[in-house]
Amino acid sequence: MPTLGVNIDHIATIRQARRTVEPDPVAAAVLAELGGADGITVHLREDRRHIQDRDVRILRETVRSHLNLEMAATDEMLAIALDIKPDYVTLVPEKREEVTTEGGLDITLQIARIGEIVDKLQSANIPVSLFIDAAQAQIEASVKVQARFIELHTGQYAEAKDETNRQRELAILAKGCEQAIQAGLRVNAGHGLTYWNVYPVAALPGMEELNIGHTIISRAALVGIERAVREMKQAIRGSRELGMGNGH
Ligand SMILES: CC(=O)[C@@H](O)[C@H](O)COP(=O)(O)O
Ligand SMILES: NCC(=O)COP(=O)(O)O
């Protein structure tokens with residue numbers, strides 16, 4: 001069964017809507033860990049629309065599980081990561097005007113640049129994961145730049161309009177997962193996963209960690225974060241207790 005990295009960006013989004021001090025993502029991380037989170041994920045966007053530098057610095061001190069820093073492949077972010085030393089870094093694409101991350105990082109277009117950043121981080125003992133679409137060319141490029149992990153972008157699976165498309169997207173993820181593992185990569189996945197669609201992805205052989213945020217924070221707003229995280233752990237195990245664990 002994969003572990004669960006809880007993405008707490010969406011708590012910071014609420015705080016930034018008022019530019020105030022609450023809700024504090026640091027407090028959310030503590031409660032998420034009490035609910036069973038195996039890791040905490042934050043995306044320090046270049047435009048600082050949610051997570052702030054201060055959050056990452058404090059989380060580095062307070063997170064008891066592991067801290068996954070999602071960031072763009074820029075010099076500014078590289079310097080921050082080398083200074084803060086998260087447990088691992090996930091390199092993600094960023095477009096300033098997007099509502100959320102729209103696709104995977106195209107490693108094939110920037111092999112030298114990504115390779116250089118991966119090397120600098122991993123030389124500093126910070127393992128690197130690359131957030132990519134489950135495409136063979138991206139997997140091969142990820143091997144070439146010697147990243148330790150990939151994170152398969154599950155957005156298209158999550159947004160599939162009907163069962164036929166969902167199954168097609170799941171098959172693409174399954175193939176990508178298998179190819180990556182055979183090539184020696186470790187595989188995580190995330191984006192847009194919910195209580196209703198998580199189980200088929202969680203059940204993919206060799207899947208190590210799922211990074212999930214929006215659905216947990218949405219549920220937490222209604223039932224509280226510890227319970228929301230506990231329920232996601234149950235959904236990953238395939239529990240039907242909530243009537244949510246069967247992939248529908
Ligand atoms: C890369 C990724 O999938 C996460 O960072 C997720 O997108 C977080 O939410 P935002 O897109 O709102 O930053
Ligand atoms: N990398 C994906 C992630 O951290 C969470 O994405 P979402 O569940 O907030 O869509």
Residue list, side chain to side chain contact (heavy atoms under 4.5 Å, CB included) with Asp47, at least two apart or on another chain
Arg45, Arg49, Arg96
Examine distances only and state if a side-chain atom of Glu151 and a backbone atom of Ile132 form a donor-acceptor pair shorter than 3.5 Å.
no
With sequence neighbours excluded, residues passing salt bridge (Lys or Arg N to Asp or Glu O under 4.0 Å) with Arg48
Asp53, Glu76
I'd like to know if the side chain of Thr20 and the backbone of Gln16 have a donor-acceptor N/O pair within less than 3.5 Å.
no
So, using side chain to side chain contact (heavy atoms under 4.5 Å, CB included) as the criterion, who are the partners of Ala28 when residues are at least two apart?
Ile8, Ile11, Ile225
Under the side-chain hydrogen bond (donor to acceptor under 3.5 Å, both in side chains) test, residues paired with Glu208 that sit two or more places apart:
Arg186
Hey, could you give me each pair passing salt bridge (Lys or Arg N to Asp or Glu O under 4.0 Å) that has a residue in residues 13-24? Not counting sequence neighbours.
Arg15-Asp55, Asp24-Arg54
Can you name the salt bridge (Lys or Arg N to Asp or Glu O under 4.0 Å) partners of Glu102, sequence neighbours left out?
Lys95
Of all residues at least two apart in sequence or in a different chain, which pass the side-chain hydrogen bond (donor to acceptor under 3.5 Å, both in side chains) check with Lys175?
none
List the residues meeting ring pair (Phe, Tyr, Trp, His ring centres under 6.0 Å) with His50, not counting sequence neighbours, and say none if there are none.
none
Do any pairs count as a ring-ring contact (aromatic ring centres under 6.0 Å, His included) and have a residue in residues 203-230, sequence neighbours left out, and if so which ones?
His10-His214
Can you name the nearest heavy-atom pair linking Pro205 to Ile181, along with the distance?
O-CD1, 3.6 Å
Minimum heavy-atom separation for Ala32 to Val229, with atom names?
O-CG1, 3.6 Å
May I have all residue pairs that pass salt bridge (Lys or Arg N to Asp or Glu O under 4.0 Å) and include part of residues 119-144, sequence neighbours excluded?
Glu116-Lys120
Holding to side-chain hydrogen bond (donor to acceptor under 3.5 Å, both in side chains), I want the full list of residues that pass it with Glu169, two or more places apart in sequence or in another chain.
none
All side-chain hydrogen bond (donor to acceptor under 3.5 Å, both in side chains) counterparts of Asp106, not counting sequence neighbours:
Thr108, Gln138
Any donor-acceptor N/O pair, His66 side chain to Asp38 backbone, under 3.5 Å
yes
